[in-house]
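Here is the structure we will look at.
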There are 2 protein chains.
Amino acid sequence: MSHMSYTRLMAVDRDQVLRSAAALLTRRPTATMDEVARAAGISRATLHRHFAGRDALVRALESLGVAECEAALDRARLDDGPAGDALRRLVREIEPAAGLLAFLYGENQLWEDGGDEPWARLDTRIATVFVRGQQGGEFRIDLSPVWLTEALYGLVASCAWATQAGRVAPKDFTHMVVELLLGGALRREEA
Amino acid sequence: MSHMSYTRLMAVDRDQVLRSAAALLTRRPTATMDEVARAAGISRATLHRHFAGRDALVRALESLGVAECEAALDRARLDDGPAGDALRRLVREIEPAAGLLAFLYGENQLWEDGGDEPWARLDTRIATVFVRGQQGGEFRIDLSPVWLTEALYGLVASCAWATQAGRVAPKDFTHMVVELLLGGALRREEA
DNA sequence: CCGCGATGAGACATCGATGTCTCACATGAG
DNA sequence: CTCATGTGAGACATCGATGTCTCATCGCGG
């Protein structure tokens, strides 16, 4: 069976190529197809056999990012317990994908026409947590769920970049993002 | 005097070109030099007479952004009164430059080697406010001033993009940024 | 051993953006 | 009026990245 031989002889794992591409493009968003190939340990020709072009590669990375986010959302069990705790779990689960997310976040700002189709479901699921927190009296209602969702993406990306630049310790990632998003910079009143 | 004639005959104002370039690149970061020229109402040749190349243009925009930020910091009187109020004034004063800042913020993430020279002084001035707030017991101390500074940039850029995408009302810009940065999503205890 | 299929290396054309140049035109100073 | 200067329009070469192609090689199954 051709499928059998394909599976067995394919020396390079498509998913593995995708991972290394994500790792490289996270650090250098403008990396060349040739650099991506070398980073994956394959030739440019083989890379092009897996992904028709740069657009296809980026779209594949987008799918990967969306999938990892969906998985993180699932693991975070957003509907359980207090919304604040749900958010903490979400950021903790999403941290491993933060670099990839930051790359895709920056990439999306380059496209005038919002190609947001793959992200719509994700946005909705996240915004739902904020809505739940607001309705339960846990979150303030003067910050719209849409903005809170956007701010979450922004803080994750910012912290990922700051981490890569050495301005934030990797071990503090979750704490910095979640505590700022939930509690803000002000000290809580010692009531 | 050649200087006289230069000043009087120069139909296009260099600063005006810079402004329109900022406005365009804020919306479409990948805009062509030709598009930038047309947006400024001049030809590509004239644009190139003012700025040696795209790099020079971007660097000029960076200088403009830094200058506007410095001016905003001055107007905000960061050393006066409670640090929280200083932050509110800062975001309010910086809002007009938010689009340009967002463009430059995204642009900086594309360059592997941090060309942070122009921003260092700015970062320091902003971080100083957070330090002051922490020392005065106004801000929590588990979020580093460096991260808070980075988060401020990130939230400003995120809100600028969200505003452009129609996900946040322009009139809410300052409130959304400053309230999230200072207070976070959680409701304050009704102590 | 033979042959198939995947790979690597490289040549090649293409394409978009950029930088440079020339030339004609318009406007204001003298 | 005449000339100088800034400008617009366009041609032109260049450069980097990309997409496509060919060919030799290697590894494994038959």
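So that the names make sense, note that chain A is the first sequence line, chain B the second, and so on, each numbered from 1.
Closest to the side chain of B/Ala45, from the set C/dG19, C/dG10, D/dA9, is D/dA9. Comparing atom distances between the A/Ser43 side chain and each of C/dT18, C/dG8, D/dT18 picks out C/dG8 as nearest. Counting only heavy atoms from C-beta on, A/Arg44 has its side chain closest to D/dG19 among D/dG19, C/dT18, C/dT7.
A straight line from CE of B/Met33 to C1' of C/dT20 spans 13 Å, rounded to a whole angstrom. In this structure, the CG atom of A/Leu47 is 13 Å from the P atom of D/dT20, given to the nearest Å. C/dC25 atom P lies 22 Å from atom CD1 of B/Ile42, rounded to whole Å. One can place CG of A/Leu57 at 16 Å from P of D/dA17, the figure rounded to the nearest angstrom. Spacing between atom NE2 of A/His48 and atom C1' of C/dT7 amounts to 16 Å, rounded to whole angstrom units. Taking atom CG of residue B/Asp13 and atom C1' of nucleotide D/dT7, one finds them 16 Å apart after rounding to whole Å.
Considering only side-chain N and O atoms, B/Thr32 lies under 4.0 angstrom from the phosphate OP1 or OP2 of C/dA17.
A residue-by-residue look at B/Gly53 and B/Arg49 shows that B/Gly53 has its nearest nucleotide of DNA chain C further toward the 5' end. For the pair B/Arg38 and A/Asp34, nearest-nucleotide mapping onto DNA chain D gives the more 5' position to B/Arg38.
A donor-acceptor pair shorter than 3.5 Å cannot be found between the side chains of B/Glu150 and A/Trp161.
Checked options A/Leu155, A/Val156, A/Thr149; the residue passing with A/Leu152 is A/Val156 (criterion: side-chain contact (heavy atoms from CB on, under 4.5 Å)).
Side-chain atoms of A/Phe139 and A/Val131, non-hydrogen and from C-beta on, never get closer than 4.5 Å to each other.
In terms of hydrophobic clustering, with Ile, Leu, Val, Met, Phe, Trp and Tyr side chains grouped at heavy-atom distances under 4.5 Å, B/Leu180 and A/Val146 are assigned to different clusters.
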